[in-house]
Amino acid sequence: MYNFKEVEKKWQDKWYSEGTFNAKNDYTMKKWYGLIEFPYPSGQGLHVGHPRSYTALDIIARKRRMQGYNVLFPIGFDAFGLPAENYAIKNHIHPKITTDKNVHHFREQLKSIGFSFDWSREINTTDPDYYKWTQWIFIQLYKHGLAYKATMPINFCTGCKVGLANEEVVNGVCERCGSPVVQKEKSQWMLRITKYAQRLIDDLDDVDYLDKIKAQQRNWIGRSEGAEVKFEISGTEDYLLVYTTRPDTIFGATYMVIAPEHKLIEKYKDRITNLDEVEEYKKKAALKSDFERSELNKDKTGVEIKGIKAVNPLTNEEIPIWISDYVLGSYGTGAIMAVPAHDTRDFEFAKKFNLPIKQVIRDKNSSEDDGNKELTEAFTDVENGIAINSGFLNGLTSKEAIKKVIEYLEEHKLGEKKVNYKLRDWVFSRQRYWGEPIPMVYCEKCGWVPVPEEELPLKLPDVKDYEPGENGESPLAKHEEWINTTCPHCGGKARRETDTMPQWAGSSWYYLRYMDPHNDKELASKEALEYWSPVDWYNGGMEHTTLHLLYSRFWHKFLYDIGVVPTKEPYAKRTSHGMILGSNGEKMSKSKGNVVNPDEMVRDYGADALRVYEMFIGPFDQTAQWSMDSIRGCLKFLDRVWNMQDFLVDGDEYSPKFEKMMNKAIKKVSSDIEEMKFNTSVATFMTMVNEFYKAKEINKAEFETFLQLLNPFAPHITEELNQRIGGKEELAYKAWPTYDEAKTIEDTIEIPVQIKGKVKTTITINKDEDEEVVKEKAKEAIKSQIEGKKIIKEIYVKNKIYNIVIG
RNA sequence: GCCGAUGUGGCGGAAUUGGCAGACGCACCAGACUCAAAAUCUGGCGGGAAACCAUGUGGGUUCGAGUCCCACCAUCGGUACCA
């Protein structure tokens, strides 16, 4: 009987004490760098979702070692973050203490599953030796003008009087006390990621990410091409600047809309005759949280600004200006020209406030559309539009009209071509204790000054009070002894920045630190960076394919620009795994009581069974449902593997009856691993075991190869069996098996014989048999069904199929 | 609404990418072993008496469609007025 407890312990002790899987410092070897998203060490411990991703890359890493690569497969902990801080506040235990405890637990759990991580390179984002370099990167960003202060709204709980993270705001109210959450203006550090928007799109062409990941990145950045157009404000030299992707519809612009935040109101308040009404609207809009603005108020609201009007530059008509919160201050110019006939939102707004709707595009595919009928909805299709009622654009397709009108605008200095992105700059400040201190000081005389690099790391002060500050201030704002310092520039009195960095900071560059984790001179040495960059294969969750991936690509590109890293992109290849749901098909959560604890799985079924099951559970990139019956089935499979010892016979070569199967299996498993089709690899192993059981025989050569193929999936049992059957070398150090293509091909093939595409029978033929011989044989086999019928057509595909069409 | 997935036996899923639908596993049934049970081993297992019918629904292309095209339905994930 297979005792997985004993066997797994034995091999783990050996691997982790000897450092079997540690990367070598031999920079002449060919390298492979595999990366998994390092976990946040939560109090709940490891989730069964973690081993899905980790086992997958562990399998690839183990295979790469056997293929002769110097493999870097590191692990660390992304340990700053909200849960530790909230737990600390509630239970009055310092977050460092809980974090250390959780990390310890995670480490034990990860080791119990037998991952081939290089534990000598373990990192932790809360370690000052680590965040020293996170702070260093921030200072470089600041020095290059990519970090700046701006006033940005934060979520502010009206009950607790603290700033909240987005995830703490649930349906517009505070997650903890249920009070309404409003937006509060606060001066924050921002990172200018928008400067990299175009490169973040363009360089996707050079990396091997799943298409859906690339699509998500592109959508998030949200590039759009259009024009900025000037609309003169009647009776002034001034103009209102708008952004539009449809400059071909300017003839149909019947009014303008500005965002509540727009500075136009301040500028012309003397001329506005209904200023009170406008100010009232502004105030109401400001009080609304993001949630109210977007979720609750699909219904458009707005107020006309009376006393000022704009002039349509192409029709020269005077049109009214409205204020409405469906126009966002943060996108484009914060003002739009409204073309109700050809924009859904403008159409709704115009209908509600009875504004004129002027059709200037007709549908080229609709004979009824002559531009004279009343529209029931906006016509927005760019592909099928023809300009009408549009002066010099009449008759042009929408695309031609866009080109022509931009030329016209540029020629008459009325506007210009413009590209916009949805992507916003990155709000980098958090009013929190448990994060990296932002290494900046403020001096009355010199303004913001970075902490000198030789003084890094700027350590998070070890304080007892990390309760949130008053009015959304950071907890650090209460610690005067830490805040007060001297200006590095003039030596005068200065105060430290009290906000900390977001959790994204430490994870934006951690893959670089793994290359040289103990370096106290640089974030990593030039040689290490040159050798290990880029990450060859990065696997993680779909939930991180927008923000984390984008942020780290941005930091990497910046580090490339200042000559720190040698590659433009951090990750050569990115894949993602599907989620694991509870056995009831719902997301695992304590409240639903469907959480599966990996410790219990290792205890009851063993690490190998857990690993094999998580690979067998279904297609790797898709959501899967946990099943206790199935993990039991995987343990049964491993027991059958163990008992194959009883059939062992001598033999240094594959026996004739298994030669084909062995060669085919090597081929199949090798390619399955590369394509992450782990589930069919496991099926292959099971089929092989069934065959060995049928024969009640397996020779040494066959057993050794079988064990080696299975080793990346189930490393413990295979090493143990290999030792027992007298394998000379440990599997971890052996070369990956090779196959002979010729020996994967069967000599005889069964092919279906069809009549009109329906299978009637199958015949067995020799491979590459002569066409006429096959046809003869097939016709003989279905003689009764074709006798006396006229054969109209015959389709013969060599080694595949023979199909007869009869009359 | 938009973007991205997914839909195949009782269940999880497979299908060389247009060529025998249901590999492999679970569950279930039967047999062997056992005083008996568990474990293990062996066999069976989409529906239908059969012709045949079956891959979410309806159409199409093809000698041939789970796979390609068109329209729709359902489920899941992401996102939220981006001009």
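Chain identifiers are assigned alphabetically (A, B, ...) following the order of the sequence lines, protein sequences preceding nucleic acid strands; residue numbering begins at 1 within each chain.
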**Message:** Can you tell me whether the base of U17(B) sits syn or anti, using the 90° cut around 0 to define syn?
**Reply:** syn

Nucleotide N/O of nucleotides 69-73 of chain B paired with protein N/O under 3.5 Å:
none

**Message:** For K351(A), is there an ion pair with E348(A) - N to carboxylate O distance below 4.0 angstrom?
**Reply:** no

**Request:** Grab the OH-C1' distance between Y331(A) and A80(B) for me, whole Å please.
**Result:** 14 Å

**G332(A) or I804(A), whichever maps to the more 5' nucleotide of RNA chain B** = I804(A)

**Message:** Between the side chains of K775(A) and E771(A), is the shortest nitrogen-to-carboxylate-oxygen separation below 4.0 Å, so that they form an ion pair?
**Reply:** yes

**Request:** Can you run through RNA chain B from 5' to 3' and write each base as (, ), [, ], | or . depending on how it pairs? Watson-Crick or G-U wobble, both distances under 3.5 Å.
**Result:** (((((((..(((......[....))).(((((.......))))).((....))..(((((..]....))))))))))))....

**Request:** Test for a donor-acceptor pair under 3.5 Å between the base of C81(B) and the side chain of K300(A), counting only N and O atoms.
**Result:** yes

**Item:** K660(A) and D747(A) ion-paired at < 4.0 Å
**Value:** yes

**Prompt:** Counting distance only, does the side-chain N/O of H262(A) pair as donor-acceptor with the main-chain N or O of A335(A) below 3.5 Å?
**Reply:** no

**Prompt:** Considering only the C1' atoms, how many Å lie between C63(B) and C20(B), rounded to the nearest integer?
**Reply:** 16 Å

**C1' spacing across the pair A32(B) / C26(B), given as an integer number of angstrom** = 23 Å

**Asked** I751(A) CD1 to C63(B) P: how many Å, rounded?
**Response** 19 Å

**Nearest-Å distance once atom C1' is located in both C11(B) and A27(B)** = 7 Å

**Asked** With a cut-off of 6.0 Å (strictly less than), are more than 12 heavy atoms of other residues, nucleotides or ligands near NZ of K195(A)?
**Response** no

**Asked** Under 3.5 Å, side chain of S390(A) to main-chain N/O of A387(A), donor-acceptor pair present?
**Response** no

**Item:** Under-4.0 Å salt bridge between K417(A) and E228(A)
**Value:** no

Set out, line by line, the N/O atom pairs under 3.5 Å between protein and nucleotides 10-19 of chain B.
from	atom 1	to	atom 2	distance (Å)
G12(B)	O2'	I617(A)	O	3.0
A14(B)	OP1	N679(A)	ND2	2.9
G19(B)	N2	Q754(A)	OE1	3.2

**Prompt:** Between K282(A) and E261(A), does at least one N-O distance fall below 4.0 Å, as a salt bridge requires?
**Reply:** no

**Message:** Please determine whether a side-chain nitrogen of the Lys or Arg among E225(A) and K418(A) lies less than 4.0 Å from a carboxylate oxygen of the Asp or Glu.
**Reply:** no

**Asked** At under 4.0 Å between heavy atoms, what does S224(A) touch on the DNA or RNA strands: base, sugar-phosphate, or nothing?
**Response** sugar-phosphate

**Prompt:** Which value, in whole Å, describes the distance between the P atoms of nucleotides G59(B) and U67(B)?
**Reply:** 14 Å

**Asked** Taking atom C1' of C24(B) as reference, at what distance in whole Å does atom OH of Y613(A) sit?
**Response** 14 Å

**Request:** Round to a whole Å and report the spacing from CZ of R223(A) to P of A83(B).
**Result:** 12 Å

Any protein N or O atoms within reach of nucleotides 51-55 of chain B? Criterion: under 3.5 Å, listing atom names and distances.
from	atom 1	to	atom 2	distance (Å)
C52(B)	OP1	K760(A)	NZ	3.1

Taking N or O atoms only and anything under 3.5 Å, show me the protein contacts with nucleotides 37-47 of chain B, one pair per line.
from	atom 1	to	atom 2	distance (Å)
C41(B)	OP1	R640(A)	NH1	2.7

**Cation over ring face, R640(A) and Y693(A), 6.0 Å, 45°** = yes

**Atom P, compared across G10(B) and A80(B): separation rounded to whole Å** = 41 Å

**Item:** Nucleotide nearest K212(A) (side chain, heavy atoms from C-beta), chosen from G25(B), G4(B), A83(B)
**Value:** G4(B)

**Item:** Heavy-atom donor-acceptor pair, E614(A) side chain to T55(A) backbone, under 3.5 Å
**Value:** no

**Message:** Which label fits W322(A) and F353(A): parallel for a plane angle under 30°, tilted from 30 to 60°, or perpendicular past 60°?
**Reply:** tilted

**Message:** Determine whether a donor-acceptor pair (one donor, one acceptor, N or O, separation below 3.5 Å) exists between the side chain of R424(A) and the base of C82(B).
**Reply:** yes

**For G9(B), glycosidic torsion class - syn if within 90° of 0, otherwise anti** = syn

Under 3.5 Å, which donor-acceptor pairs do the side chains of residues 800-807 of chain A form with other protein atoms, sequence neighbours left out?
from	atom 1	to	atom 2	distance (Å)
Y802(A)	OH	E794(A)	OE1	2.4
N803(A)	OD1	K756(A)	N	3.4
N803(A)	OD1	G757(A)	N	3.0

**Request:** May I ask you to decide whether E586(A) forms a salt bridge with K592(A), counting only side-chain N to carboxylate O separations under 4.0 Å?
**Result:** yes

**Fill in**
note: L638(A), atom CG; G25(B), atom P; distance rounded to Å ~ 13 Å

**Within 6.0 Å of CD in E377(A), more than 12 heavy atoms from elsewhere** = no

**Fill in**
By nearest-heavy-atom nucleotide on RNA chain B, the more 5' of M579(A) and E750(A) is E750(A)

**Message:** Say we look at C73(B) and C28(B): how far apart would their P atoms be, to the nearest angstrom?
**Reply:** 40 Å

**Message:** Under 4.0 Å between a side-chain nitrogen and a carboxylate oxygen: does that hold for D768(A) and K798(A)?
**Reply:** yes

**Prompt:** Contact class for T687(A) vs. all strands (heavy atom < 4.0 Å): base, sugar-phosphate, or nothing?
**Reply:** sugar-phosphate

**Message:** Does A83(B) have OP1 or OP2 under 4.0 Å away from a side-chain N or O of Y243(A)?
**Reply:** no

**Item:** K214(A) bridged to D211(A) by N-O distance under 4.0 Å
**Value:** no

**Complete:** Atom CG of N219(A) and atom P of G4(B) are separated, to the nearest Å, by 7 Å

**Asked** Can you tell me how far P of U6(B) sits from CE of M542(A), to the nearest Å?
**Response** 11 Å

**Request:** Mind checking R218(A) for me? I need base, sugar-phosphate or nothing, with any heavy atom below 4.0 Å counting as a touch.
**Result:** nothing

**Asked** Is K230(A) positioned over the aromatic face of Y239(A), cation under 6.0 angstrom from the ring centre and no more than 45 degrees off axis?
**Response** yes

**Fill in**
From the candidates C81(B), C82(B), C3(B), the one with an atom nearest any side-chain atom of K422(A) is C82(B)

**Message:** In whole Å, measure the gap between the C1' atoms of G66(B) and G13(B) for me.
**Reply:** 14 Å

**Prompt:** If we take the C1' atom in both A23(B) and G9(B), what is their distance in whole Å?
**Reply:** 14 Å

**Asked** Would the number of heavy atoms belonging to other residues, nucleotides or ligands and lying under 6.0 Å from NZ of K587(A) be above 12?
**Response** no

**Asked** Taking CG from L210(A) and P from U6(B), how many angstroms apart are they, rounded to a whole number?
**Response** 12 Å

